[in-house]
Student: 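This is the structure I have questions about; it appears just below.
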Amino acid sequence: MPYSPTEIEPKWQQRWADAGVAEIDVTAPGDKLYMLNMFPYPSGDLHVGHGRNYILGDALYRYFRMQGRAALNPMGWDAFGLPAENAAIKRGIHPRQWTLGNIGRMKEQFARWGILYDWSKEIASCEPDYYRWNQWLFLQLYKKGLAYRGKAPVNWCPQDQTVLANEQVVEGRCERCGALVEQRDLEQWFFKITAYADRLDAGLDTLEHWPEKVKLMQRNWIGRSLGADVEFQVPFLGTAIRVFTTRPDTIFGATFMVLAPEHPDVAKLIADHPDRAAIEEWITAVRNQSNLERQEKGKEGRFTGKTAINPFTNEEIPIWLGNFVLPQYGTGAIMSVPAHDQRDFEFAKQYGLPMKIVVGPASGEPLELADEAFTFKDESGVSVDSGPISGLPVPKAIEKIISIIEERGLGKGTVRYRLRDWLISRQRYWGTPIPMLYCEKDGLVPVPEEQLPVTLPLDVPFTGREGNPLAKHEAFVNAICPQCGGHARRETDTMDTFVDSSWYFCRFVTPRDETQMFDSRVVDRWLPVDQYIGGIEHAILHLLYARFITRTLHDLGLITFEEPFTRLFNQGVITKEGYKDARGSWVSPADVQWREEKPYRGEELLTAEVTKMSKSRLNVVPPDELIARYGADTERVYTLFIAPPEKEAAWSDEGVVGAYRFLGRVWNIGEKLSVKDAVLQGLKGEPTRAVTRKMHQTIHAVTSRIERFEFNTAISALMEFSNVLGEAPSREAYEVLLQLLHPFAPHITEELWEALGNDGFVLTSKWPVADPELMKEDTVTIAVQVNGKLRGQVDVPAGAAENAVYDAVFANEKIQQWVSGKDIVKKIYVPNKLVNVVVK
RNA sequence: GCGAAAGUGGCGGAAUUGGCAGACGCGCUGGACUUAGGAUCCAGUGGCCUUAGCCGGCCGUGUGGGUUCGAGUCCCACCUUUCGCACCA
């Protein structure tokens, strides 16, 4: 019988499901292991690029099961979000219906890939029994002052008609739709993530099993910097303006001050300015610019006409307004040290402001300002012309000047963060309603916990215009104030979907609990998640929010851990060639003709570009055809074999057949072994010494490589083993091959396992253990170098004494040609398998 | 500009502690089987030279130096690419 995956795969998928092999009782004892793939947004059809993520997780899950671990592997749906609403507007289908339809299709797809999830724990964030706990969480944070409503300059996406978190703005554009983001002053809901900035930063040091890259990205995003707040007296105001600087050691070189145009003291400072109107006009223009526009326009400033006193030089320094000073960071005011800061330098040059050198190289050579500021950041620089800190290297100077600043009451050493509060409100329908009321009498009133959930009404019209459809739903908007019983208006903003995904991993262990967010005792047993798997695109947003919310849950006394994910793995994306026409539109591969190895559509030459697989680029490989032709096992093996899993990998339709041939060979060996013919019984005998050795080497290799996420080389080791087995089949070794191959190709291995007459699943069999003694080679090949050149090879028994190796080497005829009797052997090295003979 | 990672055949990629570079697979070449092959199986496959053939030799892991008996691997300098951040004082 030839290998026919389409016949065997559905059968085994059904059997696993019927046996409920992945369902786990979280209260039963066992060596727990919580595996988790980031729950997906149910956008519809999955392609082979998505498959990589889940196949990888499933292979690992099956491996841990065979190791005897009580492994939990749940799956759910990050089911709220904009695409559902856009589908509703475009196609008239309700977001819920669209979402549930996609979920159904994706579940089928997971099954066809042979992926095992514990579906008894499935959750969908768009269901009231899930999102009511979002609302409950919101109320707890509100009580603690960690959720608040505030007016702030926010990012507004004119395309999606909603505000965005800072994290969702990429290069000044909406991360989702690419529209240019505008700055607007709006009342919005925030989570006070900044209150946890220090803990989120410090916690990164405890994450030993996270990729360094992700930790670095988070660290940069949190942006902790040490420095000092210093007050500069402003005689005109009669008070001081406070600046933040990370380089207080350069304060003797602060020759002017720059305020953000939004700074609160600006109005007073320019009140009597002769050109007040012009300056105000400029300020308005700057305020309306996005960060991107500000940067593109270059540095611009206006002189206020007023001065401040440098507290160390006692000189009067001019106060300027500058578009490059950010209102949200530090105090919105800076002391400018043009000699030692590139931005200050450019500004000073542009407006002819004075510069003063106060740090020089440790060598003492004099400096001359040319086109750049000198930014000594370490011991390579020493303070000069700086009174009490002159002569000190930069780090020491910073330390000393801060203590002087504090002694003299001018300010203090401070830590500032780049991180800003998390804007969580969205003016969209398909999300968790924020459980707040606006009472005409009592103002802002939280919805009492016993009234949760605030259910999202389903009967709303989707026009795509005039903002949030929820606001037009009278029955939803009108409410009764729980405090005074009078009329209240319900908050119609919904929560950012990142709120949903910042605690879902806790819900999975007790997903049907109707009385609480989760059962703390069970959560404390199963969490933190032992192995979290997902794309690098979540390195900042999701992972930072999840770490933040986990800490708030900890502080609420609900859990005892602070970091939600012990190990993190980010798989790389799958790429494929796409084709663009002259206008830059993507062309369907079906319309591409190849002429002289170049892609054409009709007479038009197209350009080929390798990019991430995506629907819009028309370069997706749908798994259905692939599975119909080669089977899911082939896709699984190919996907894992293609490249190291953390790396980007280029999909190759030809490459797939390699995996298919490999499985075909494994199948054929099984055929030989299971034939009843007595003539072939000889094949079922004991494995030869060479096969036994290879078997143990392979067990060792596959085990250690799976543990290190080196799936590509784990599979190559299995290919080698099967090549050896093909020459000398043996049942014992073959069963081991099936077990080692199972995590990667579960269906074919189950089928062959059964054909050999075994009871039960391979999945539930015990992972083989390698015997180090049997792994060793009998002989060692010695390569001999004479004067650094390879001159011959000798086989010696493994573990031979040095003298025996030496004798064997010189008994070899070939080597003798290169060594004359007069030569003196100076050194002999026997590390593993290479002898190096050096002659004079 | 700042930060991080990576450069190995035609391609994806292997190479515990420095120890036979190119495992495994794709592709390619030749052969077998075929009405057919874009199916399957077998063999070969880094480059150059040498040989009737076996054998043999030289070069080779981005570039240039260094350490070492020995370097893809360690050290120094440089080049290139990718990714992340980007007026954060």
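Because the structure is a prediction, the values reported are computed rather than measured. We name chains A, B, ... by the order of the sequence lines, and we start the count at 1 in each one.
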Student: Across the strands shown, which category fits A:Asp344 at heavy-atom distances under 4.0 angstrom: base, sugar-phosphate, nothing?
Tutor: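 Contact class for A:Asp344: none.
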Student: On the 0 to 90° scale, with breaks at 30° and 60°, tag the A:His538-A:His542 ring pair as parallel, tilted or perpendicular.
Tutor: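 A:His538 vs A:His542 ring planes: perpendicular.
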Student: Would you classify A:Ser704 as touching base, sugar-phosphate or nothing, given that sugar-phosphate means primed atoms plus P, OP1 and OP2, and contacts are heavy atoms under 4.0 Å?
Tutor: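 Here A:Ser704 touches no strand at all.
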Student: Here's a test of your reading of the structure: between A:Leu216 and A:Ala650, which maps to the more 5' nucleotide of RNA chain B?
Tutor: A:Leu216
Student: If you check every side-chain atom of A:Arg665, which of B:C26, B:C41, B:A23 has the closest atom?
Tutor: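 The nucleotide sitting nearest to the side chain is B:C41.
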Student: Which value, rounded to the nearest 0.5 Å, describes the distance between A:Glu635 atom CD and A:Ile627 atom CD1?
Tutor: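 Between atom CD of A:Glu635 and atom CD1 of A:Ile627 there are 5.0 Å.
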Student: So what does A:Arg416 touch, heavy atoms closer than 4.0 Å: a base, only the sugar-phosphate, or nothing?
Tutor: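 It contacts nothing in the nucleic acid.
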Student: Closest approach to the side chain of A:Phe641, judged atom by atom: which nucleotide of B:A89, B:A39, B:G12 is it?
Tutor: B:G12
Student: Looking at the side chain of A:Ser716, which of B:G27, B:C24, B:G3 is the nearest nucleotide?
Tutor: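 Closest of the options to the side chain of A:Ser716: B:C24.
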Student: Could you spell out the base pairing of RNA chain B as a dot-bracket line? Use Watson-Crick and G-U wobble contacts where both distances are under 3.5 Å, [ ] for crossing pairs, | for partners on a different strand.
Tutor: (((((((..(((......[....)))((((((.......))))))((((......))))..(((((..]....))))))))))))....
Student: OP1, OP2 of B:A15 versus side-chain N and O of A:Arg705: anything below 4.0 Å?
Tutor: no
Student: What does A:Val337 touch in the nucleic acid at a heavy-atom separation under 4.0 angstrom: a base, only the sugar-phosphate, or nothing?
Tutor: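 No contact.
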Student: Base, sugar-phosphate, or nothing for A:Lys299, non-hydrogen atoms under 4.0 angstrom?
Tutor: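 A:Lys299: base contact, heavy atoms under 4.0 Å.
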Student: Side chain of A:Val657: nearest nucleotide among B:G27, B:G84, B:A86?
Tutor: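 Between B:G27, B:G84, B:A86, the one nearest the side chain of A:Val657 would be B:G27.
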Student: Counting heavy atoms from C-beta on, name the nucleotide in B:A14, B:G27, B:G12 closest to the side chain of A:Ile642.
Tutor: B:G12
Student: Write down the distance between CD (A:Glu654) and P (B:C28), rounded to a whole number of angstrom.
Tutor: 8 Å
Student: At 4.0 Å (heavy atoms only), tell me whether A:Arg219 reaches a base, stays on the sugar-phosphate, or touches nothing.
Tutor: nothing
Student: Donor-acceptor check, side chain of A:Asp633 to backbone of A:Pro5, threshold 3.5 angstrom: yes or no?
Tutor: no
Student: Just the rounded figure in Å: distance from P of B:A15 to CZ of A:Arg708.
Tutor: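 Rounding to the nearest Å, CZ of A:Arg708 and P of B:A15 are 8 Å apart.
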Student: Heavy-atom nearest nucleotide on RNA chain B for A:Lys213 versus A:Met335: which residue maps closer to 5'?
Tutor: A:Lys213
Student: Side chain of A:Ser652 only, please: which of B:A14, B:A89, B:C26 is the nearest?
Tutor: B:C26
Student: From the set B:C24, B:G13, B:A89, return the single nucleotide nearest to any side-chain atom of A:Met719.
Tutor: B:C24
Student: Of the nucleotides B:G13, B:A89, B:G27, which one has an atom closest to the side chain of A:Tyr329?
Tutor: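 Nucleotide nearest to A:Tyr329's side chain: B:A89.
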Student: Name the closest nucleotide to the A:Asn712 side chain, picking from B:C41, B:G13, B:A89.
Tutor: B:G13
Student: How are the rings of A:Tyr329 and A:Phe244 set to each other: parallel, tilted or perpendicular (split at 30° and 60°)?
Tutor: perpendicular
Student: Calculate, to the nearest 0.5 Å, the distance between atoms CE and NE2 belonging to A:Met257 and A:His263 respectively.
Tutor: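 Rounded to the nearest 0.5 Å, the CE-NE2 separation comes out at 8.0 Å.
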Student: Syn or anti for B:G9? Use the chi torsion, O4'-C1'-N9-C4 for purines and O4'-C1'-N1-C2 for pyrimidines, with syn inside 90° of 0.
Tutor: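 Syn, since the glycosidic angle lies within 90° of 0.
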Student: Please pick, from B:A89, B:C85, B:G3, the nucleotide with the shortest atom-to-atom distance to any side-chain atom of A:Thr245.
Tutor: B:A89
Student: Can you tell me if A:Asn723 touches the phosphate of B:G25, counting only side-chain N or O atoms and a distance under 4.0 Å to OP1 or OP2?
Tutor: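 It does, given that an N or O in the side chain of A:Asn723 lies less than 4.0 Å from OP1 or OP2 of B:G25.
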Student: Base, sugar-phosphate or nothing for A:Glu648? Non-hydrogen atoms, less than 4.0 Å.
Tutor: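 Sugar-phosphate contact only.
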Student: How are the rings of A:Trp422 and A:Tyr545 set relative to one another: parallel (under 30°), tilted (30 to 60°) or perpendicular (over 60°)?
Tutor: parallel
Student: Go through it in stages, so that I can follow the logic: the residues are A:Phe709 and A:Phe711, the test is ring-ring contact (aromatic ring centres under 6.0 Å, His included), and I'd like the CA-CA distance, side-chain angles, deciding distance and then a yes or no.
Tutor: CA-CA 6 Å; A:Phe709 277 78; A:Phe711 299 106; 5.6 Å; yes
